[in-house]
Every structure is written in structure tokens, then in C-alpha cells.
Peer 1: 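Here it is: the structure, laid out below.
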Amino acid sequence: MNSLSKLATTEGRNPASEGLDQLSTLEVLRVMNDEDHRVPEAIASQLPDIAAVVEAAVKGLSAGGRLIYAGAGTSGRLGVLDAVECPPTFSTKPTMVVGLIAGGQQAMFQAVEGAEDDADRGAQEMNMLQPGPHDVVVGLAASGRTPWVVGAVRAAKRAGAVTASVCCNRHAVISDEVDLPVEVDAGPEVLTGSTRLKAGTVQKLVLNMVSTATMVGLGKTYGNLMVDVCPSNEKLRQRAMSIVMAATGCSRDDAITALHESGGHAKTAIVMVLLGMTAAQARARLVEAGGAVRAAIDENYLHL
């Protein structure tokens with residue numbers, strides 16, 4: 001038996017791609033595409049574990065806590081990517097969803113060799129954020145054993161934060177370190193050990209789920225509309241207008257007027273149009289409803 005077959009999934013050799021360098025371009029792509037199809041199925045089997053992370057995040061963020069991702073290499077970059085997309089998509093403060101990466105900011109653009117091997121450094125960088133009981137810290141490690149990530153989640157747990165992990169091996173080291181482990185085994189990579197491939201896709205999809213479902217739970221959507229979008233550029237201003245029109249059935253002109261009076265806040269504009277309120281009244285309504293549009297427009301929910 002080839003020694004690689006005895007390794008953890010993320011380091012194992014994939015029999016479907018053993019002759020990779022002998023295949024035509026189209027055949028290489030077919031092998032990759034076939035393997036990529038395994039990812040959603042593998043994630044589907046772990047949805048209850050992912051749901052537990054989301055529910056913890058909704059609870060923590062509702063109490064003023066943070067969602068903190070901590071990873072190295074591709075895992076760390078994906079965590080940072082997910083974090084930085086939250087402010088424009090959901091109008092969150094930059095401190096609500098945070099991405100930590102081994103090696104610091106420069107590691108986003110260039111590999112910092114050896115950074116991921118320093119567990120003490122991971123703990124130090126986590127401690128600098130002063131995690132607390134309302135924070136949810138998610139360690140991202142394809143292998144499930146990256147020392148920097150393990151050090152980071154250990155520090156977070158010692159500080160009283162809720163800890164979770166996302167990895168791509170079964171019985172991973174990090175799973176024993178956290179409160180809420182998620183293990184998604186999508187099989188070995190097409191290119192042996194290259195965890196930027198399926199493992200990266202796993203983590204990207206899981207992070208999409210965690211952040212999006214958390215924001216749904218926080219009332220930052222109305223149906224499938226991103227009603228808390230931050231209209232910081234022309235594209236997003238047009239999107240905000242389309243969102244108000246879709247949510248209320250109003251005309252373009254009415255949407256523009258409501259957005260102007262609400263300071264560009266789609267949520268407020270929607271409540272204004274649906275309930276015939278001023279911007280100030282709509283803002284007060286949303287505050288009482290905890291920021292959720294559906295609750296704000298429900299006459300059975302609120303009694304102002």
C-alpha cells in the first residue's frame with residue numbers, strides 16, 4: 001500500500017487523479033469537476049454541526065459579541081475574506097466579524113513561511129483581541145492540526161469565548177479543543193495535499209453559511225433581500241433602490257424619495273413605505289423590533 005494512503009484525508013492520494021499529468025486538458029478539468037461535486041454532499045452531512053455554530057453566533061452577537069475567524073494560509077485568507085464582506089453586505093461594524101490570519105496582514109498577499117507553526121503566537125494574537133463570553137471564535141484549519149490555529153482557539157477558550165472549528169479531516173486535533181467542531185471530509189485532493197482545492201471550497205461554503213445565516217438570525221434580511229446593505233457606491237445605491245421596490249412594490253420614484261429621507265437606509269425606507277411613516281417613526285419602529293423589518297411591519301408583534 002502506498003504510504004500516502006495511510007495519511008489524513010487532506011494529505012492522502014486520490015486514486016481518481018493518479019495519472020493527472022497524462023490527461024488531456026479537458027480530462028484534467030473533468031476530474032477536478034467530478035471531485036468538486038463531492039463537496040456539497042460532504043457539507044450536507046454536517047449541517048447540524050454548522051447550525052450549532054450559527055446559533056451560538058446569533059446569540060453571542062445579539063449580546064454585543066463578535067464572530068472571530070482564526071486561520072493560516074488559505075484557511076486564514078478565506079476567513080478574512082468572509083469578514084471583510086460583512087460590512088458592505090450587512091452594514092455591520094468592522095469589529096463585529098473579524099478575520100485573523102497567521103503572519104498578519106502581509107500573509108493575505110504573500111505566504112509567511114513558518115507562521116502557522118507557532119502555537120504561542122496564535123495565542124498571543126488572539127489574546128490581543130481580548131475575547132470574552134459573548135464572542136464566538138472559529139478556528140479554520142484544513143488539516144485540523146495547524147499549531148497557530150490550535151493555539152488561538154485554546155486562548156479563546158481560556159478567556160471564556162465560545163469556540164468552534166472547521167476542518168476537513170475526521171477526528172482532528174482541533175475538534176477536541178473546541179466546543180463546536182465541524183468536520184467536513186470531502187476526500188483527498190486532486191493534487192495531493194493541495195488544500196486550496198476541495199478543502200478551500202469546503203471552508204468557503206461553510207463560511208458563507210455561517211455568516212449569512214447568522215445575519216439572517218440577527219434580522220439583517222427581509223425574505224431573501226439584503227435590506228441592511230450599505231450603499232457605499234453606485235452599484236450598491238442602485239441595489240438599495242431595487243431592494244426597496246422589491247420589498248414594497250413601490251415605484252422607482254417613491255423608492256428614491258424614501259431612501260433619500262432615510263439617509264440611504266433600505267430597512268427604514270421599506271418600513272416608511274409599507275406603513276406610511278416618516279423616517280423618524282420608521283427608525284423608532286425598527287428599534288423596538290430589534291432591527292428586523294418583518295417584526296417592525298407586523299401589527300400583531302408591536303404595539304406603538
Side-chain angles (χ1 to χ4, degrees), residues 8-11 32 35-36 39-40 42-43 50 53 57 66-90 92 94-119 121-126 128-129 131 135-153 155-156 163-169 172-174 178 181-184 186 188-215:
T9 297
T10 53
E11 299 298 323
M32 294 185 72
E35 289 299 312
D36 286 342
V39 172
I43 291 174
I50 299 169
V53 178
R66 296 165 293 178
L67 175 60
I68 302 171
Y69 299 132
T74 297
S75 302
R77 294 183 189 100
L78 290 170
V80 172
L81 175 64
D82 198 69
V84 301
E85 289 288 353
C86 287
T89 307
F90 301 108
T92 58
T95 53
M96 178 179 276
V97 184
V98 180
L100 278 185
I101 181 170
Q105 186 174 356
Q106 63 176 331
M108 280 295 295
F109 308 100
Q110 184 175 353
V112 179
E113 300 300 336
E116 69 176 49
D117 298 328
D118 192 340
R121 184 63 181 170
Q124 291 167 9
E125 294 186 23
M126 180 56 66
M128 288 176 66
L129 290 179
D135 294 328
V136 176
V137 175
V138 184
L140 307 172
S143 66
R145 61 173 184 267
T146 309
W148 185 94
V149 183
V150 173
V153 296
T163 55
S165 62
V166 180
C167 73
C168 300
N169 283 323
V173 171
I174 198 170
V178 301
V182 177
E183 296 181 339
V184 182
E189 302 289 4
V190 167
L191 186 64
T192 306
S194 183
T195 52
R196 69 185 182 87
L197 301 177
K198 283 192 296 183
T201 303
V202 163
Q203 290 178 95
K204 172 59 176 165
L205 294 182
V206 172
L207 290 174
N208 285 350
M209 290 178 171
V210 170
S211 58
T212 303
T214 295
M215 296 303 161

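The residues of the chain are indexed from 1 along the displayed sequence.
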Peer 1: Do Val166 and Val53 have side chains that approach each other closer than 4.5 Å (heavy atoms only, starting at C-beta)?
Peer 2: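 No, their side chains stay 4.5 Å or more apart.
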
Peer 1: Would you confirm whether Arg77, through its side chain, and Gly71, through its main-chain N or O, come within 3.5 Å as a donor-acceptor pair?
Peer 2: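 Absent.
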
Peer 1: For Asp82, give me all partners under side chain to side chain donor-acceptor pair (under 3.5 Å), at least two apart in sequence or on another chain.
Peer 2: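 Testing Asp82 for side chain to side chain donor-acceptor pair (under 3.5 Å), a comparison that skips the adjacent residues, returns Tyr69, Ser211.
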
Peer 1: Work out which heavy atom in Ala156 is nearest to a heavy atom in Thr163; give both atom names and the distance.
Peer 2: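 In terms of heavy atoms, the two residues are closest at CB-CG2, 4.0 Å.
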
Peer 1: When you measure from the side chain of Glu189 to the backbone N and O of Ala199, does any donor-acceptor pair fall under 3.5 Å?
Peer 2: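 A pair under 3.5 Å: yes.
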
Peer 1: Listed by chain and number, what are the side chain to side chain donor-acceptor pair (under 3.5 Å) partners of Arg121, not counting sequence neighbours?
Peer 2: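 Partners of Arg121 under the side chain to side chain donor-acceptor pair (under 3.5 Å) test: Gln124, Glu125.
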
Peer 1: Checking Ala102 now: which residues fulfil side-chain contact (heavy atoms from CB on, under 4.5 Å) with it, not counting sequence neighbours?
Peer 2: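 Ala72, Ala115, Trp148.
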
Peer 1: Can you tell me which residue among Ile50, Val202, Val138 is in a side chain to side chain contact (heavy atoms under 4.5 Å, CB included) with Val182?
Peer 2: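 Among Ile50, Val202, Val138, the one meeting side chain to side chain contact (heavy atoms under 4.5 Å, CB included) with Val182 is Ile50.
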
Peer 1: Got a second to check how far Leu207's CG is from Thr212's OG1, nearest 0.5 Å?
Peer 2: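 Rounded to the nearest 0.5 Å, the CG-OG1 separation comes out at 10.0 Å.
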
Peer 1: So, for Gly200 and Thr74, which heavy atoms are closest and what is the spacing to 0.1 Å?
Peer 2: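 Scanning both residues, the minimum pair turns out to be CA-CG2, 4.4 Å.
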
Peer 1: If you look at every heavy atom in Cys167 and Gly144, which pair is closest and at what distance?
Peer 2: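 So the minimum-distance heavy-atom pair works out to CB-CA, 3.7 Å.
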
Peer 1: Less than 4.5 Å apart, side chain to side chain, heavy atoms only: is that true for Arg66 and Leu129?
Peer 2: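 Arg66 reaches Leu129 side chain to side chain.
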
Peer 1: Kindly give the heavy-atom pair with the smallest separation between Cys86 and Val97, and that separation in Å.
Peer 2: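 Distance-wise, the nearest heavy atoms are SG-CG2, 3.9 Å.
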
Peer 1: List the steps, then state whether side-chain contact (heavy atoms from CB on, under 4.5 Å) holds for Met215 with Thr92.
Peer 2: CA-CA 9 Å; Met215 296 303 161; Thr92 58; 3.7 Å; yes

Peer 1: Please, which pairs that meet side-chain hydrogen bond (donor to acceptor under 3.5 Å, both in side chains) have at least one residue in residues 198-210, sequence neighbours excluded?
Peer 2: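 The answer is Glu35-Lys198, Ser75-Gln203, Lys204-Asn208.
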
Peer 1: Rounded to the nearest 0.5 Å, what's the gap from CE on Met209 to CD1 on Ile43? Could you check?
Peer 2: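 It comes to 5.5 Å.
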
Peer 1: Which residues pass the side-chain contact (heavy atoms from CB on, under 4.5 Å) test with Ser143, not counting sequence neighbours?
Peer 2: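 With sequence neighbours excluded, Ser143 shows a side-chain contact (heavy atoms from CB on, under 4.5 Å) to Thr10, Arg145, Thr146, Asn169, given in chain and number order.
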
Peer 1: Using the test side-chain contact (heavy atoms from CB on, under 4.5 Å), find all partners of Ala213 that sit at least two apart in sequence or belong to another chain.
Peer 2: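 Checked Ala213 against side-chain contact (heavy atoms from CB on, under 4.5 Å); matches are Val54.
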
Peer 1: Nearest 0.5 Å, please: how far is CZ in Arg196 from CG in Leu78?
Peer 2: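 Leu78 CG to Arg196 CZ: 12.0 Å, rounded to 0.5 Å.
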
Peer 1: Could you pull out the closest heavy-atom pair between Gly103 and Val112, with the gap in Å?
Peer 2: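 Heavy atoms only, the tightest pair is O-CG2, 4.0 Å.
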
Peer 1: Is there a side-chain contact between Leu140 and Val206, using heavy atoms and a 4.5 Å cut-off?
Peer 2: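 With C-beta onward as the side chain, the pair stays apart.
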
Peer 1: Kindly give the heavy-atom pair with the smallest separation between Ala70 and Met126, and that separation in Å.
Peer 2: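 In terms of heavy atoms, the two residues are closest at CB-CE, 4.0 Å.
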
